[in-house]
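Encoded as structure tokens, the structure appears first; notes follow it.
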There are 2 protein chains.
Amino acid sequence: MARSGPRTFDRDAALEAATLVFWEHGYSGTSISQLTAAMKINPPSLYAAFGDKRTLFTEVVNRYNATYGRFMADAFAEETTATGLVHRLIMGAAEHYAEGSHPPGCLVIAAAANNSPGNAEVSIELADRRNANRDLLQARIADAISSGELPADTDARGLATYVVAVIQGMSQQARDGVNTETLMAVGEMALRTWPVPPMATTARRG
Amino acid sequence: MARSGPRTFDRDAALEAATLVFWEHGYSGTSISQLTAAMKINPPSLYAAFGDKRTLFTEVVNRYNATYGRFMADAFAEETTATGLVHRLIMGAAEHYAEGSHPPGCLVIAAAANNSPGNAEVSIELADRRNANRDLLQARIADAISSGELPADTDARGLATYVVAVIQGMSQQARDGVNTETLMAVGEMALRTWPVPPMATTARRG
DNA sequence: TCCAATCTGTAGCGATCGCTACAGATAGTC
DNA sequence: GACTATCTGTAGCGATCGCTACAGATTGGA
């Protein structure tokens with residue numbers, strides 16, 4: 001039987017496999033035996049390579065944000081206007097959340113909803129990430145109000161919360177079986193609410 | 001020590017206690033020992049009065065829909081126009097999801113998000129309830145298109161999915177700590193997307 | 001007053017959880 | 001080719017899971 005020597009499994013491939021399992025079943029819904037089966041390694045290899053379940057999950061989330069969820073960070077980095085940013089966030093979610101090549105929805109939104117008291121830390125970790133994104137968006141909207149891109153009476157907090165709520169709702173709908181076409185329709189309807197700029201057109205439409 | 005005879009605990013009060021625990025921690029995140037502690041009974045009493053955990057949960061969800069979640073069924077039953085119905089659904093969610101008297105968000109949306117394979121049935125049960133509501137709303141919107149209440153080119157499927165996504169997103173935002181005031185702002189923004197009726201005003205506003 | 005019925009509390013069942021001790025097997029070093 | 005280091009597989013740890021057998025306690029009816 002083939003044993004030992006240097007590591008015989010691909011660490012990143014194992015992380016990818018773990019990502020899909022956590023994405024599908026959530027943190028508490030995923031057991032170590034499910035993980036080792038999907039990653040095709042045994043428990044001691046998992047613990048040697050990734051620490052414990054909690055540490056593995058954090059690494060999975062970070063890798064998720066740099067791969068599947070990258071469109072979010074890209075939108076924040078590349079879009080200079082709040083209007084363009086929100087358009088990219090919402091339509092990116094619509095485009096990606098129901099792709100057939102991976103579990104539906106967003107891992108950060110869906111993976112820690114059921115918190116047994118012992119797993120409270122994980123729920124808080126993901127909630128902090130979600131809220132940080134909302135606060136970042138709110139700041140960008142506030143900037144757009146200051147610069148005159150958006151009307152002066154725009155409610156930055158409410159608008160940021162609205163955008164984030166729509167995205168999270170699209171994630172949930174994707175999990176409930178809605179397809180990409182319908183999600184795109186949802187995204188376009190959501191964008192119609194966007195406050196009309198003082199003298200310009202609203203976001204580009206499909 | 002006080003034992004036996006006829007039942008010594010209030011069945012409905014025990015159900016209420018179970019509801020709050022499931023609402024807070026979800027189905028799989030709630031253990032029998034948590035339930036028995038909250039309901040102030042011992043495991044044999046729980047199983048005698050409510051069957052197993054799965055049956056208890058279904059009864060909890062039904063009771064939830066008849067109490068905390070009643071505003072949904074009331075809106076469907078009492079509102080005659082699609083516009084009025086959607087207004088009540090969205091503003092009702094905004095009003096109730098961040099109340100301090102109970103866990104935030106909606107039990108039906110939040111309580112079965114993390115599905116270990118063994119709990120798949122519970123996830124499907126709640127997803128069916130959510131999707132049934134969406135389909136019902138879609139049918140009401142289709143009726144409103146037929147009757148001329150809404151423009152003929154309205155996308156009933158997309159619009160129903162949008163409304164449901166907003167409500168589910170508000171539930172998630174409430175769980176992430178957003179207060180009622182902000183949820184109300186989110187709801188009003190969401191309603192601005194509502195298609196303009198051929199010749200009438202849109203829904204009443206706050 | 002005594003019995004049958006019913007409920008409650010204790011205690012623990014088998015299964016699974018996250019995690020790890022231990023020993024067998026392989027690679028590089030000299 | 002022996003030695004050391006490292007990784008892998010088996011096997012099982014204590015704890016908790018959902019659930020229940022059993023017996024003690026109390027009630028209503030005969």
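Within every chain, numbering begins at 1; the chains are lettered A, B, ... in the order of the sequence lines, protein sequences first and strands thereafter.
Atom pair B:K53:NZ and C:dT16:C1' shows a separation of 13 Å (rounding to whole Å applied). Here the C1' atom of nucleotide C:dC13 and the OH atom of B:Y47 are 13 Å apart, to the nearest Å. Between B:Q34 atom CD and D:dC17 atom C1' there is a gap of 12 Å when expressed in whole angstrom units. One interatomic measurement links the two molecules: CD1 of B:I32 to P of C:dA11, which rounds to 20 Å at whole-angstrom precision. One can place CG of B:L35 at 17 Å from P of D:dT16, the figure rounded to the nearest angstrom. Distance A:F50 CZ to C:dT20 P: 16 Å, rounded to the nearest Å. One interatomic measurement links the two molecules: CG of A:N119 to C1' of D:dT16, which rounds to 13 Å at whole-angstrom precision. The distance between atom CD1 of A:I41 and atom P of D:dT8, rounded to the nearest whole Å, is 8 Å.
The shortest distance between the side-chain N/O atoms of A:S33 and the OP1/OP2 oxygens of C:dC17 is below 4.0 Å.
The listed nucleotides are D:dG18, C:dT8, D:dT8; the one nearest the side chain of A:F9 is D:dT8. You'll find that the side chain of A:N42 is closest to D:dT10, out of C:dC17, C:dC19, D:dT10.
Both A:P44 and A:S28 lie near DNA chain C, and the one whose nearest nucleotide falls closer to the 5' end is A:S28. When each of B:R54 and A:A48 is assigned the nucleotide of DNA chain D with its nearest heavy atom, A:A48 is the one assigned upstream, toward the 5' end.
B:R63 and B:E59 are not joined by a salt bridge, as no carboxylate oxygen comes within less than 4.0 angstrom of a charged side-chain nitrogen. Electrostatic pairing of A:R54 and A:E125 counts as a salt bridge here, judged by a charged N lying under 4.0 Å from a carboxylate O.
The heavy-atom pair separating A:A82 from A:R140 by the smallest distance is CB-O, 4.0 Å.
Within the cation-pi definition used here (under 6.0 Å to the ring centroid, within 45° of the axis), A:K53 does not qualify as a partner of A:Y47.
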Starting from the C-alpha separation in whole Å, work towards a yes-or-no answer on ring pair (Phe, Tyr, Trp, His ring centres under 6.0 Å) for B:H96 and B:F71.
-> CA-CA 9 Å; B:H96 293 300; B:F71 72 94; 4.9 Å; yes
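Within 4.0 Å of A:T30, counting heavy atoms only, lie sugar-phosphate atoms of the nucleic acid but no base atom.
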